[in-house]
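What follows is a set of notes on a single structure, which appears directly below.
Proteins come first, then strands; the chains are lettered A, B, ... in the order of their sequence lines, and each starts at number 1. As a basis for the values below, the full set of heavy atoms in this structure was taken, side chains included, without hydrogen atoms, waters or symmetry mates.
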2 protein chains.
Amino acid sequence: MVNLLQTRRLQRYRMALLRLKKMGLQKTFSHSLSEETGISAVLIRKDFSQLGIRGRRRGGYNIDRLLEQLKLIFGSEKEQNVILVGLGNIGSALVKYEGYRQGNMNLVAAFDIDPAKRTRRYQVPVYSLENLRDVTDTFDVSVAIMAVPEFSAQETASYLVENGIKGILNFAPVLLKVPDHVLVNNINVMVELERLMYHTGIKQKA
Amino acid sequence: MVNLLQTRRLQRYRMALLRLKKMGLQKTFSHSLSEETGISAVLIRKDFSQLGIRGRRRGGYNIDRLLEQLKLIFGSEKEQNVILVGLGNIGSALVKYEGYRQGNMNLVAAFDIDPAKRTRRYQVPVYSLENLRDVTDTFDVSVAIMAVPEFSAQETASYLVENGIKGILNFAPVLLKVPDHVLVNNINVMVELERLMYHTGIKQKA
DNA sequence: CATAATATGTGAATATATTCACAAAGCAAA
DNA sequence: TTTGCTTTGTGAATATATTCACATATTATG
Ligand SMILES: NC(=O)c1ccc[n+]([C@@H]2O[C@H](COP(=O)([O-])OP(=O)(O)OC[C@H]3O[C@@H](n4cnc5c(N)ncnc54)[C@H](O)[C@@H]3O)[C@@H](O)[C@H]2O)c1
Ligand SMILES: NC(=O)c1ccc[n+]([C@@H]2O[C@H](COP(=O)([O-])OP(=O)(O)OC[C@H]3O[C@@H](n4cnc5c(N)ncnc54)[C@H](O)[C@@H]3O)[C@@H](O)[C@H]2O)c1
């Protein structure tokens, strides 16, 4: 029902709405949202309309209601559990991250092959990968954040998939091979930087 | 010349090519690349063709040559300098990151308002934001990585733009308002996780 | 050297995404 | 309660992206 392009936009809407809400506003209009997000007002209305979200012909959209409806479409009702694999530089930052809660998510455990990492000094218990299935079963986890080195990324991903993981947020700069039913989202800092450089370069010429 | 959709694909091609190269291959075909990337073979050929990259009617594409040509399109010839603003959890991981070099980039300095962060214990010098213009001028920096808290993200972004930054890689979960000539790429862990959850959820139903 | 096999390259066709144009709904004000 | 203004909602038109279909180049082989 919701396509991939749309999901990105919906997330943008949500962020814009949160901002407007924080500014004390209670309702908004497709044009204001357009201003905030850079997405055209018609497209915003089409998106909402397609999702069954309806505004008032002159009063616009109620921000709280809109946020609720968007949350219904994404964020599931019940809290979702997530795990983290790889407690290095990035991994340990992610463990300390405080944003999970407000997205109705819960980081329940971390995993690392290095026994030295498996101490109690982190905010979550750290296990060996052997315990993966136990944890995913107990906490009904189907999504993992993966912050392991490039060279072990594919191997780790395959292992995660074998153990029931269906979604991977991958920080390693590697294209992972996974079965069709598994979704990978890559976060690749270098790729993003290069795109920035490319576009700032373009602008100079134009 | 290269649109935004394409840039994403080109990056995928590059990663796939690097992988094939590492496997010892020297040439490849649109169909193999399709296999690797999940992008259709015709589209790959169209992309290449549009970029002026030509293969041999039966011998496919030479991997090294292809990589070079892609590099010509993105990565500029000369090394590009980048700065980092915000040396907290994420920021200090990014300072330790070793991937910049291979993308022909150089992290030249970091900035933080907290004087306690401005020590020599990091891999790069850490300055107060007052020194921003000095650094950007000296090193000809137009792209910044921003890893500051949500509440100061907008303010920081505006300051960066005022001082000549044209591209921002933003880790704060906030939609930044910037002038048209500035490009922002957002890295938002929660958004990516939510998309994973959404799609893994969908699959269960289908 | 002819023939078959394999891949590229690309115009035309199709599919998808976005904008245009405008009717209908809701509110305000007279 | 009529009139005018504002904003949504949506079919039709347009624009953009992708695939189809196939001509064309290249190599291998008998
Ligand atoms: N550090 C950064 O800022 C940064 C930025 C962008 C991308 N990345 C990428 O993120 C990944 C992690 O980077 P990092 O700097 O945190 O690396 P790191 O070497 O500091 O950490 C990697 C961690 O993974 C663990 N590990 C290794 N193999 C494992 C396995 N098979 N299973 C479980 N754990 C395993 C190691 O013990 C270590 O704790 C790398 O692929 C890197 O390219 C890092
Ligand atoms: N930690 C994570 O894993 C994680 C994950 C996703 C997103 N984020 C986002 O990344 C950002 C940084 O997260 P963090 O966990 O590293 O936060 P943090 O609080 O650990 O670090 C923030 C750093 O920014 C500095 N800072 C604050 N205001 C500044 C300013 N105006 N100019 C320069 N420096 C300033 C602070 O002194 C601190 O060193 C936040 O917006 C957070 O939401 C973090």
N/O to N/O distances under 3.5 Å, protein versus nucleotides 26-30 of chain C:
from	atom 1	to	atom 2	distance (Å)
dG26(C)	N2	R58(A)	NH1	2.9
dC27(C)	O2	R58(A)	NH1	2.7

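- When each of R45(A) and Y61(B) is assigned the nucleotide of DNA chain C bearing its nearest heavy atom, the one mapping closer to the 5' terminus is Y61(B).
- Between atom OG1 of residue T28(B) and atom CG of residue L33(B) there is a gap of 4.0 Å, rounded to the nearest 0.5 Å.
- Looking at which nucleotide of DNA chain C each of S40(A) and F29(B) is closest to, the 5′-most match is held by F29(B).
- Looking at heavy-atom distances under 4.0 Å, F48(A) makes no contact with the nucleic acid at all.
- Side-chain N/O atoms of S49(B) include none lying less than 4.0 angstrom from OP1 or OP2 on dG9(C).
- Reading DNA chain D from its 5' end, the first and the last nucleotide to sit under 4.0 Å from a heavy atom of chain B are dA17(D) to dA28(D).
- The interatomic distance linking R54(A) (CZ) with dA24(C) (P) rounds to 15 Å, in whole Å.
- Under the 4.0 Å criterion applied to side-chain N and carboxylate O atoms, R12(B) and E36(B) are not assigned as salt-bridge partners.
- Look at R65(A) and E68(A) and you find no salt bridge, because none of the NZ, NE, NH1 or NH2 atoms lies under 4.0 Å from a carboxylate O.
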Would you please test L70(B) and I53(B) for side-chain contact (heavy atoms from CB on, under 4.5 Å) and show each step?
-> CA-CA 9 Å; L70(B) 290 176; I53(B) 296 175; 4.1 Å; yes

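- Between Y61(A) and F48(A), the distance separating the two ring centers is shorter than 6.0 angstrom.
- Other residues, nucleotides and ligands place more than 12 heavy atoms under 6.0 Å from the CD atom of E79(A).
- In this structure, the side chains of L10(A) and L51(A) come closer than 4.5 Å at one or more pairs of heavy atoms.
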Verdict with supporting geometry, E194(B) and M105(A), side-chain contact (heavy atoms from CB on, under 4.5 Å) | CA-CA 9 Å; E194(B) 278 174 3; M105(A) 291 182 203; 3.3 Å; yes

